[in-house]
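Take a look at the structure set out below.
Note that ligands are numbered from 1 as they come in the structure, with each ligand's atoms numbered from 1 the same way.
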Amino acid sequence: MPSTMNNIAKQGDHGSAMMPVIQGVGRAAIEIAAVLRGAVFRGALGGAGSENIQGEQQQMLDVLSDEIFLEEMRSTGFICAVGSEEQEELLVIDEYSHADYLVLVDPLDGSSNLDVDGPVGTIFSIVKRKTANSERPHVSDTLQSGREVIAAGYVLYGPSLMLVCSVGEGVHGYTFNPAVARFELSHPDMRIPETGGYYSVNESNKSDWADGMGDKLIAMKAETGLGMRYVGAMVADMHRTLLKGGVFLYPADSKNTTGKLRLLYEAIPMGFVMEQAGGKAMSSGIAILDIEPEALHQRVPVYLGSNTNVDALLG
Ligand code: P6P
């Protein structure tokens, strides 16, 4: 009998509480995947004619994925609020405002890949509220370092539909099996190779990078001889790095002076998974999981990957 996401209930101290929430993420993933597959026939590709808090053009599918994800989090009954890339403010789930957990989410990461049929993803992180259950959830409930994360992971909408997650006891990959319409354990105990793999970065920004990262990358390339792969969707670049080794980086530059990637729903969940898989997750001079968040949509530089390669890059 194949192992399903039910086995999350047996993982660590939080598995039993996290299983229904991660199963909710799985339901959202299945629905979003179906929407993506048929989007071209429904005229659902392209811009929504609106901007998110980041000032980025929202794709129609960004907005729809956000709605689907919120609805599935509501239906778990375990989530009191959601912080989303697509919503300026914290979204309180009124009928469950007494519940214990909050989710931070990038509902459709890399959506600029959609109109070229490239891979995209969903990134999520789950934290326990700090406010009393009798109070209304507050944005301060989301401002917790990665060391407080209860569970985190990502969905990859690629040739197969994968959900990779950790509840603090290693990293496990589940692949959707269409024959039985459920996620089944396909990648137990994922560990990043100590070295090898690829470096992954948008090298066109190199001349603008802060912290001398241009010279550091040149030195790392000379030292390691790594090849380069870059998809432009963090989930896809992270997943390849996790499986093959190497380093994924998005440094700060003159345009994104504090970095482009968002701390709470991109850097921290990916950093949590990376550390759980035996890798390293750094920002500028500090481990990503040690950063004390100050704002819901805060951005940070990101360096994720094999210990050897991250050390070779950052020195
Ligand atoms: P660039 C997608 O927009 C995203 O937030 C991440 O998924 C990805 O890693 C990065 O931005 C890509 O940015 O500047 O290379 O297009």
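Contact check on Asp100 versus Lys128 returns a salt bridge, with a Lys/Arg side-chain nitrogen under 4.0 Å from an Asp/Glu carboxylate oxygen. Checked for salt-bridge contact, Lys221 and Glu223 miss the test: no charged N lies under 4.0 Å from a carboxylate O. Remark: Arg136 engages Asp94 in a salt bridge, criterion side-chain N to carboxylate O under 4.0 Å. A salt bridge links Arg147 to Asp290: one of the charged nitrogens lies within less than 4.0 Å of a carboxylate oxygen.
Under a 4.0 Å heavy-atom criterion, Asp237 is not in contact with ligand 1. Heavy-atom distances between Ser112 and ligand 1 stay at or above 4.0 Å for every pair.
Counting protein heavy atoms only, atom 7 (O) of ligand 1 is closest to Asp109 OD1, 2.6 Å. Closest to atom 3 (O) of ligand 1, if we only count protein heavy atoms, is Lys260 NZ, 3.7 Å. Annotation: atom 14 (O) of ligand 1 to nearest protein heavy atom, Tyr250 OH, 2.6 Å.
Listed by number with element, the atoms of ligand 1 under 4.0 Å from a non-hydrogen atom of Tyr230 are 1 (P), 12 (C), 13 (O), 15 (O). Listed by number with element, the atoms of ligand 1 under 4.0 angstrom from any heavy atom of Glu266 are 5 (O). Listed by number with element, the atoms of ligand 1 under 4.0 Å from a non-hydrogen atom of Asn202 are 1 (P), 14 (O), 15 (O). Distances below 4.0 Å separate heavy atoms of Met234 from the following atoms of ligand 1: 6 (C), 7 (O), 8 (C), 9 (O).
Polar contact with ligand 1: absent for Ala233 (N/O pair, distance under 3.5 Å). Checking only distances, Asn205 never comes within under 3.5 Å of ligand 1, N or O to N or O.
Checked against the 6.0 Å centroid criterion, the rings of Tyr174 and His187 do not qualify as a close aromatic pair. Here Phe176 and Phe183 bring their ring centres to under 6.0 angstrom of each other.
Contacts with ligand 1 closer than 4.0 Å are made by side-chain heavy atoms of Arg262 only, the backbone lying farther away.
In the displayed structure, Lys244 atom NZ is contacted under 6.0 Å by at most 12 heavy atoms of other residues, nucleotides or ligands.
Pairing each heavy atom of Val300 with each of Ser283, the nearest pair is CB-OG, 3.7 Å.
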